[in-house]
Number of protein chains: 2
Amino acid sequence: MSPKPAATRVTSSQVAKLAGVSRTTVSFVLNDVPHMGISEETRERVLGAARQLGYVPNAAARSLVSGATRTVAIVTPHSEHLKVDAFIPRMLAGVNDTCHAHGYKVIFEPIIDTGRTGGGFIEMVDSRRVDGLIAINTPRIDDVHLARLASEGFPLVVFGSQLIEHTNIYSIDVDMREASRVATRHLLSLGHRKVAYLGFASDEYHGVTERLYGYRDAMREYDLGSEFERIGFADFSAQSGCDAMEAMLDRGPSFTALFAGNDTIAFGAMAALRKAGLRVPDDIAVVGYDDIPLAAFAAPPLTTMRTSPYEQACEASDLLVRLMAGERPVELHSMMAVPLVVRQSCGSPVASTIPPSTAAGGSGAKSGLA
Amino acid sequence: MSPKPAATRVTSSQVAKLAGVSRTTVSFVLNDVPHMGISEETRERVLGAARQLGYVPNAAARSLVSGATRTVAIVTPHSEHLKVDAFIPRMLAGVNDTCHAHGYKVIFEPIIDTGRTGGGFIEMVDSRRVDGLIAINTPRIDDVHLARLASEGFPLVVFGSQLIEHTNIYSIDVDMREASRVATRHLLSLGHRKVAYLGFASDEYHGVTERLYGYRDAMREYDLGSEFERIGFADFSAQSGCDAMEAMLDRGPSFTALFAGNDTIAFGAMAALRKAGLRVPDDIAVVGYDDIPLAAFAAPPLTTMRTSPYEQACEASDLLVRLMAGERPVELHSMMAVPLVVRQSCGSPVASTIPPSTAAGGSGAKSGLA
DNA sequence: TTGTATGCGTTATCAC
DNA sequence: GTGATAACGCATACAA
């Protein structure tokens, strides 16, 4: 069935035989077991034999007896995200770097692709293939499985799923709603009143609704509504952002500013704007979200909210490593704030800055499209 | 040492006991062993017991006896690439999708980060943690280890390392030299004579030198030299592309066109150009390489060479799966051609198209900077 | 048709 | 100080 690879397969018995000792001694020496009183001479002989034979312990055998695999998995939604967006890749880099530094391998596991109805990552846990799990932006359907794992004490760190209410899940989130308020307020404070919003995905994701809420919050602070025709939804990619923006323009919209749910769709939206003969920021001001590496090099450089996925992934992984080591920090949840990075996609203030809720309607707004 | 996770740990013995049969029977039923004549009734009882207990076979035990792990690793250089560029992420998506479709988990393993002097991935093989390996753009120092694995018959597919001369290594490459010729020729055919080249990394990578050679080939076809001051080197990121371009501009260069080693640094270079008051394509024409998802949404949309990392990764993974199944296709190497995607970053022809080697020097070239 | 016995390569508990 | 021996959980040749 499974063809045995031809790679050398050296066992500890062979090392023992060559060194003239028992397998136990080999194990003691190789694992540096203290207080076993191994003579320096035997030690050297064993080490030499192991080196000479190129001995590497069999991982399966080792984990069968130890119960640990020195492997973790990073669970994400579609692998599609890897193709079109820069968020998950940076997250993966952080998880990888941190986990590797602690001697863990990392399995990359997108779950929706499996076609399961949720909990597609459970089998990895139950079959004991991994010692811990980091779940990134998993859809709501998996919340219940995440909760089960956590309640069983399995090392798990959840990122971006807003499971704050759960008292046994370790989680890290950014305050997306507040971040969206900040982003939208930035446009409002510049004098814009007709601000459009472009969601980056369907509302199956926690992040999408959170950002929409934040946008609405800020609009309300300025006594502004969020009209349907100024709200659009894309689907992760720049292409979808471009399509969504074209649709909004076709709907005969009137807006002078755009808050895009992420930078990638902001790129797409800006391209659509350009194609329609609209200039950024002169005609339309744009704020993105994420601060992907290319945001600073867009034309014009994109003003955006700086989520720091690499750093956040490092933090999540550090926590996971501690959980796998048996620690149980008292702090369950951490909520991070993200800064606004002002570049040039919003231009200069349209009118003198108008404080929220005291401005007289859209008086300070630009004339815009309509 | 290693704290046993509290997750349920059901063994086949427990299933056997609940079903009132032996462990062997459980194994036969669960693995669908044919010609064993298991009665339909027992079968149902076993399946029911397994489901009731939530039984999942222990992966370590299974792989210890079977010799297989149902896991592959994708070996890449720095994890840094995940942070700043879009090539490796798309590659990973392809490997992931294909391998998952065949029931394999995938370990993401950047090797240079380990600080080893090469062969950092060998231990995964020797410890039998993986059944196969895909090596992407590994540096030259690892060639020897790759060759060793291949000669031992270990399932291995190498991508982008140009190891064509090896008669036992399965490899997939794109003809980067030819691609670079095509890219450079495109600029030359548009009438440009002063064409600059920006490498995307140090020449530790096969791809960097290949692309430089291709650029020189094309220049030579037009009887043009490749002056040192028109050659720059970046380091993967858009930021480095921006820095490198600024340095080239500082050196008081004279060029009317740029061939950038990848799209990411092209973004950076274009930003530097813009900052210097130069317009693309009016003052400088730009061709990139890779066709990353954002290339089409750059301002102006970037003309580039379309490498298709996702598709290439799928092909490499398909091959790996076949190797792991024991197949040994006769075709060892495959070399792919990549198409030029013309968008708007090169504008229109500068003069009427001039055939190679017959043009009178730089007569058709634009005046440019100097 | 089902159960018994053995081995996979380690680690760990004991006597010696 | 060192060396047998028993798990770990599963698969399978073989016996019943």
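Order of the sequence lines fixes the chain letters, A, B, ..., with proteins taken first and strands second; residue numbering starts at 1 for each chain.
Residues passing the side-chain hydrogen bond (donor to acceptor under 3.5 Å, both in side chains) test with S13(B): none are found, sequence neighbours excluded. The salt bridge (charged side-chain N to carboxylate O under 4.0 Å, His left out) search around R322(A) returns E327(A), not counting sequence neighbours. Partners of T25(A) according to the side-chain hydrogen bond (donor to acceptor under 3.5 Å, both in side chains) rule, which considers only residues two or more places apart in sequence or in another chain, are S22(A). Listed by chain and residue number, nothing satisfies the salt bridge (charged side-chain N to carboxylate O under 4.0 Å, His left out) test with E311(A) (two or more places apart in sequence, or in another chain). Here R62(B) pairs with nothing under the side-chain hydrogen bond (donor to acceptor under 3.5 Å, both in side chains) rule; sequence neighbours left out.
Put simply, CZ on R129(B) is 22 Å from P on dC8(C), counting in whole angstrom units. Summarising the geometry, the separation between CD on Q14(A) and P on dG9(C) is reported as 9 Å, rounded to the nearest angstrom. If you take NZ of K17(A) and P of dG3(D), they are 15 Å apart, rounded to a whole angstrom. Per the geometry, CZ belonging to R45(B) stands 11 Å off C1' belonging to dT2(C), to the nearest Å. Between E40(B) atom CD and dT1(C) atom C1' there is a gap of 14 Å when expressed in whole angstrom units. Spacing between atom CD of E41(A) and atom C1' of dT2(D) amounts to 13 Å, rounded to whole angstrom units.
A close approach under 4.0 Å does occur between a side-chain nitrogen or oxygen of T42(B) and OP1 or OP2 of dT2(C). Between S12(B) and dG9(D) there is no side-chain N or O to OP1 or OP2 distance below 4.0 Å.
Checked by atom type and distance alone, the side chain of R129(B) never pairs as donor or acceptor with a backbone atom of M124(B) at under 3.5 Å.
When the local axes at the two ends of the helix from dT1(C)-dA16(D) to dC16(C)-dG1(D) are compared, using 5 base pairs at each end, they differ in direction by 50° after rounding to 10°.
The number of heavy atoms from other shown groups lying within 6.0 Å of CD (E165(B)) is above 12.
Closest-nucleotide positions on DNA chain C for R43(B) and L64(B) were compared, and the one nearer the 5' end corresponds to R43(B).
Sorted by first and then second residue, the salt bridge (charged side-chain N to carboxylate O under 4.0 Å, His left out) pairs involving residues 12-32 of chain B (not counting sequence neighbours) are D32(B)-R43(B).
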If a protein heavy atom is under 4.0 Å from the base, mark B; if only from the sugar-phosphate, S; if neither, -; do that for nucleotides 11-16 of chain D going 5' to 3'.
BBB---
For residues 51-58 of chain B, please give each side-chain donor-acceptor pair under 3.5 Å, one per line with the distance, not counting sequence neighbours.
residue, atom, partner, partner atom, Å
N58(B), OD1, A60(B), N, 2.8
N58(B), OD1, A61(B), N, 2.9

